[in-house]
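Structure record follows, encoded as structure tokens.
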Amino acid sequence: MRILASTIAAAGLAASVLAVLPPSCQIARVGPPIVASTAGTPVTGLQLALDTTSAALETTGFTGGYDFIGGGIGAFQQCHDWWLNIGTSAYSYKPLTWGYDDKKTTVWVASAGSTISTAATSSYGATSKFLACEEGGKWTLYLQTGTDVPSGVTCTTTELLAKSS
């Protein structure tokens, strides 16, 4: 339905024609959250959140539908996907950010009911380790590809689980 609506809009047809289309993007897709799953850490059970541009773990995270397509992790919200992207860093912890309809990372290995990991790249090996650091009152999330940690903040290593229904 998204393709049909955008095709009609691109053709310059009146908005009234669009109004008769089913509001498929307004349907609330609800799915299980992605959670920190390593037992015994301060972040165990916290959920991946979608309320800022950088990835964070919170008590109540995003519970809409996730897309695990083409090596990406997309959080579908209001007819758009927010893609979880891996940034670059000179350190072994790589920043994670959300890109609005901007999928830059295609090395995620993820599906409902599985531990999230990355495939190997030319910069780092395959990993399922994440670093959560308490920064500014929230747990900012990084991909951990080695042993470096930021100085001056409390950090813990965890894995993420894409829960199944």
Side-chain angles (χ1 to χ4, degrees), residues 1-6 22-89 91-133 138-149 155-165:
M1 193 54 62
R2 285 192 257 177
I3 295 169
L4 178 59
S6 62
S24 62
C25 290
Q26 296 174 11
I27 295 172
R29 287 176 28 183
V30 178
I34 293 176
V35 299
S37 61
T38 304
T41 70
V43 298
T44 302
L46 294 182
Q47 302 173 359
L48 183 60
L50 178 66
D51 61 356
T52 61
T53 54
S54 53
L57 294 172
E58 297 180 358
T59 304
T60 303
F62 180 73
T63 56
Y66 281 101
D67 293 324
F68 302 113
I69 53 176
I73 295 176
F76 187 76
Q77 185 179 56
Q78 299 175 344
C79 299
H80 298 278
D81 272 308
W82 289 82
W83 294 100
L84 187 60
N85 293 312
I86 303 168
T88 58
S89 170
Y91 301 101
S92 67
Y93 53 95
K94 310 300 179 194
L96 299 176
T97 58
W98 291 105
Y100 181 75
D101 285 339
D102 185 19
K103 181 179 172 184
K104 294 179 180 168
T105 299
T106 58
V107 296
W108 293 114
V109 180
S111 62
S114 72
T115 297
I116 294 173
S117 63
T118 65
T121 71
S122 60
S123 302
Y124 51 84
T127 185
S128 62
K129 299 294 180 197
F130 293 85
L131 187 66
C133 297
K138 66 178 183 178
W139 289 96
T140 302
L141 197 61
Y142 299 89
L143 179 69
Q144 181 57 286
T145 63
T147 58
D148 297 337
V149 294
C155 296
T156 187
T157 303
T158 190
E159 291 186 336
L160 296 179
L161 173 67
K163 295 186 96 175
S164 60
S165 300

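Just so you know, these numbers come straight off a predicted model, no measurement behind them. Just the heavy atoms: all of them, side chains too, but no hydrogens, waters or symmetry mates, feed the values below.
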Inset, instruction - Output all residues satisfying ring pair (Phe, Tyr, Trp, His ring centres under 6.0 Å) with Tyr124, sequence neighbours left out; order by chain, then residue number. - result: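 Applying ring pair (Phe, Tyr, Trp, His ring centres under 6.0 Å) to Tyr124 gives none.
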Inset, instruction - Check Asp81 against Gly74 and note the closest heavy-atom contact, atom names and distance. - result: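 What the structure gives for the nearest pair is OD1-C, 3.8 Å.
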Legend entry - Heavy-atom closest pair, residues Thr118 and Ile86: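 Looking at all heavy atoms of both residues, the closest pair is CG2-CD1, 3.8 Å.
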Legend entry - Residue pairs, two or more places apart or on separate chains, that pass salt bridge (charged side-chain N to carboxylate O under 4.0 Å, His left out) and touch residues 35-45: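 Pairs touching residues 35-45 that pass the test: none.
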Inset, instruction - State which residues pass side-chain contact (heavy atoms from CB on, under 4.5 Å) with Ala119; sequence neighbours excluded, sorted by chain then number. - result: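 Counting only residues at least two positions away or on another chain, Ala119 forms a side-chain contact (heavy atoms from CB on, under 4.5 Å) with Val107, Val109.
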Would you mind reporting whether [Y] and [X] have side-chain heavy atoms less than 4.5 Å apart?
| X | Y | value |
| --- | --- | --- |
| Pro95 | Ser89 | yes |
| Phe68 | Ile73 | yes |
| Thr53 | Trp98 | no |

Inset, instruction - Classify the angle between the aromatic ring planes of Tyr142 and Tyr93 as parallel (below 30°), tilted (30 to 60°) or perpendicular (above 60°). - result: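 Rings of Tyr142 and Tyr93: perpendicular, as their planes differ by over 60°.
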Inset, instruction - Take Leu96 and Leu143 through the side chain to side chain contact (heavy atoms under 4.5 Å, CB included) test and state the conclusion after the steps. - result: CA-CA 7 Å; Leu96 299 176; Leu143 179 69; 4.2 Å; yes
For the [atom1] atom of [X] and the [atom2] atom of [Y], what is their distance to the nearest 0.5 Å?
| X | Y | atom1 | atom2 | value |
| --- | --- | --- | --- | --- |
| Trp82 | Gln77 | CH2 | CD | 7.5 Å |
| Leu141 | Leu131 | CG | CG | 8.0 Å |
| Lys138 | Thr59 | NZ | OG1 | 14.0 Å |

Legend entry - Counterpart residues, side chain to side chain donor-acceptor pair (under 3.5 Å), relative to Thr127 (two or more places apart):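 Here no residue qualifies.
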Legend entry - Non-neighbouring partners of Ser111 that pass side chain to side chain donor-acceptor pair (under 3.5 Å), sequence neighbours left out: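 Side chain to side chain donor-acceptor pair (under 3.5 Å) check on Ser111 returns Ser114.
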Inset, instruction - Please report the C-alpha distance between Leu48 and Tyr66 in whole Å, then the side-chain angles of each, then the deciding distance to 0.1 Å, and finally whether the side chain to side chain contact (heavy atoms under 4.5 Å, CB included) criterion is met. - result: CA-CA 11 Å; Leu48 183 60; Tyr66 281 101; 4.1 Å; yes
Tell me if a side-chain donor or acceptor on [X] pairs with a main-chain N or O of [Y] at a distance below 3.5 Å.
| X | Y | result |
| --- | --- | --- |
| Trp108 | Leu84 | yes |
| Lys94 | Gly87 | no |
| Trp83 | Thr106 | no |
| Asn85 | Asp102 | yes |

Legend entry - Leu57 vs Leu160, side chain to side chain contact (heavy atoms under 4.5 Å, CB included): CA-CA, chis, key distance, verdict: CA-CA 10 Å; Leu57 294 172; Leu160 296 179; 4.1 Å; yes
Inset, instruction - Evaluate side chain to side chain contact (heavy atoms under 4.5 Å, CB included) for Lys104 paired with Thr97, printing each intermediate quantity in order. - result: CA-CA 10 Å; Lys104 294 179 180 168; Thr97 58; over 6 Å; no
Legend entry - Gln144-Ser92 side chain donor-acceptor pair, cut-off 3.5 Å: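 Ser92 and Gln144 do have a side-chain donor-acceptor pair below 3.5 Å.
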Without placing hydrogens or testing angles, list every side-chain donor-acceptor pair under 3.5 Å for residues 32-40, not counting sequence neighbours.
from, atom 1, to, atom 2, distance (Å)
Ser37, OG, Glu159, O, 3.4
Thr38, OG1, Thr158, OG1, 3.3
Thr38, OG1, Glu159, N, 2.9

Inset, instruction - Kindly check if the number of other-residue, nucleotide or ligand heavy atoms within 6.0 Å of NZ (Lys103) is above 12? - result: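 Enclosed.
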